[in-house]
Number of protein chains: 2
Amino acid sequence: MKAHASPDTFPPRGHTAKRVSIIDAAGAVFCREGFAGANIDLIAVEAGVSRQTVYNHHGDKENLFVAVVRDLSEQSNAGVFATLATFPDHPKDLEADLAAFAVRLNCNCLCNREGKFLRKLIQAEGERYPELFAEWRDEGSTKIWSALAARFARLAYAGFLDIDDPDLTARQFLALVNAELQTKFMFGQTPTEAEIRKAAANAVRTFLRAFGKQPAKARRRETIEA
Amino acid sequence: MKAHASPDTFPPRGHTAKRVSIIDAAGAVFCREGFAGANIDLIAVEAGVSRQTVYNHHGDKENLFVAVVRDLSEQSNAGVFATLATFPDHPKDLEADLAAFAVRLNCNCLCNREGKFLRKLIQAEGERYPELFAEWRDEGSTKIWSALAARFARLAYAGFLDIDDPDLTARQFLALVNAELQTKFMFGQTPTEAEIRKAAANAVRTFLRAFGKQPAKARRRETIEA
DNA sequence: AATTTTTTAGACACACTTGTCCAATTCGTC
DNA sequence: GACGAATTGGACAAGTGTGTCTAAAAAATT
């Protein structure tokens, strides 16, 4: 009885490479095939690992699934918050800066691997693991919305925007940014850089038509004066 | 000629009740469990039918799945076009009329059974059946967008809206209308009437802030003058 | 180099599903 | 009531997937 005394946490040491390799492969397979359709043998092959190793690391198929979602959630949230830090708090050109931010948001958070996978897994298996996805929601999207809303409130206070409800504004901003990518997402396709840029530009233009202060609007039309 | 001479199309007569019952049950189960996880025995039970009958009617699991999606597509499209016909072409109160339309759209098309199921199935299995969902897209969403865009163009021409690209406008309208329901949808929950109404009101307000003609905007603030 | 730990490949039991076949039964229609 | 078609329940073969176990091989640690 020398083997892993604490089987629930993790084996002794740093063979973490296999660990993440398994999680990555499992994420891909779960997404492609769904939970029921996912085959552990296939996951093992795709991870370059024997099936037994998968069981050694994560025990159960269900356990593995949970680990995958947790991992994706963490990565995704980290990405979002990192991008959120690049929000244009002191914009030079509000429209351009917001558009650039929207592009970053799309590229780094919504269109990347984690974003795609997480979205699909939530859609497919969310109802089966309410507590798991509640966790994702409470740690992730809710906080993200709040953070984004705070940024918009700040812009409004600085005189760049005219908004009533920052939370609503944040939701609508995200909705507009995604408006044109929805169809792509529906089929698991990834939009091109150019499509993302165009979508962001369209979204921000409409957003500012609704919420931009007059001076900003005017300045936008008359280009730069100084 | 009562016997089914053409076994591929449909048996002779009106035991269609079982047929639709099977399709309905299959839709629910496919949605809950995914294609791979769906159990034909369970579908049979849920349809109040013996397993053999399921096979008699649709032959294959794959066949059954295709039939389900086709059926959902048709129903969903029919619902959308019916709702589209209630678009306020000659609005008395643009904001109120558009909001009411948005509510109808949500209730009859996006939040109902067909909408929910179809969305989930497309997300989950869309990549596995490209031609099936291409069909849905070409017959459904594409035409819907065009139709909605045409309505907005008409409103613009009549002086109610100020828009550049009707197609884009239509997409953004839909995006805004859904903005607040996304989270609910993510977990398969169905928004309440009240939530739908509020979401629609918020969406239309922002929409009109962006695209409403000045007179409409002004009238909105000063309430009714006559 | 020796020892401990992890990984591997394969075999294995077990459960579950699909799809078919068939005899008995029910249903609808005449 | 009789007839034919549809439905049923149950048994069945074949395939597949999970999770366990084992002994041998590989890796890492000392």
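Because only heavy atoms are used, hydrogens play no part in the values below, and waters and symmetry mates are left out as well, while side chains stay in.
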How does each nucleotide of nucleotides 15-25 of chain C score, in 5' to 3' order, for protein heavy atoms under 4.0 Å: base (B), sugar-phosphate only (S), or none (-)?
--SSBBB----

Are the side chains of A:His58 and A:Ile23 in contact, using a 4.5 Å heavy-atom criterion?
yes

Would you mind reporting whether B:Asp167 and B:Gln172 have side-chain heavy atoms less than 4.5 Å apart?
no

Phosphate contact (D:dA28 OP1 or OP2) by A:Lys18 side-chain N/O below 4.0 Å:
no

Check whether any side-chain N or O of A:His57 sits under 4.0 Å from OP1 or OP2 of C:dT6, and answer yes or no.
no

With side chains defined as the heavy atoms from C-beta onward, is the minimum distance between A:Arg119 and A:Leu110 less than 4.5 Å?
yes

Indicate the ring-plane relationship of A:Phe101 and A:Phe87, choosing parallel, tilted or perpendicular according to the 30° and 60° boundaries.
perpendicular

Rounded to the nearest Å, what distance is computed from the CG atom of residue A:Asn56 to the P atom of nucleotide D:dC21?
12 Å

Starting at atom CG of A:Leu64, determine the distance to atom P of D:dG19, rounded to an integer number of angstrom.
10 Å

Looking at C:dT8, I'd like to know if its phosphate oxygens (OP1 or OP2) sit under 4.0 Å from a side-chain N or O belonging to A:Thr53.
yes

What integer distance in Å separates A:Leu42:CG from D:dT18:C1'?
15 Å

Measure centre to centre between the rings of B:Phe30 and B:Phe117, then say whether the value is under 6.0 Å.
no

Does B:Lys61 make a cation-pi contact with B:Phe35, if we ask for NZ or CZ under 6.0 Å from the ring centre and within 45° of the axis?
yes

Validation row: B:Thr206, B:Asn202 side chains within 4.5 angstrom (heavy atoms):
no

Taking the six-membered ring for Trp, are the ring centroids of A:Phe211 and A:Phe152 within less than 6.0 Å of each other?
no

Of the residues in residues 25-34 of chain B, which ones touch DNA chain D at a heavy-atom distance under 4.0 Å?
none

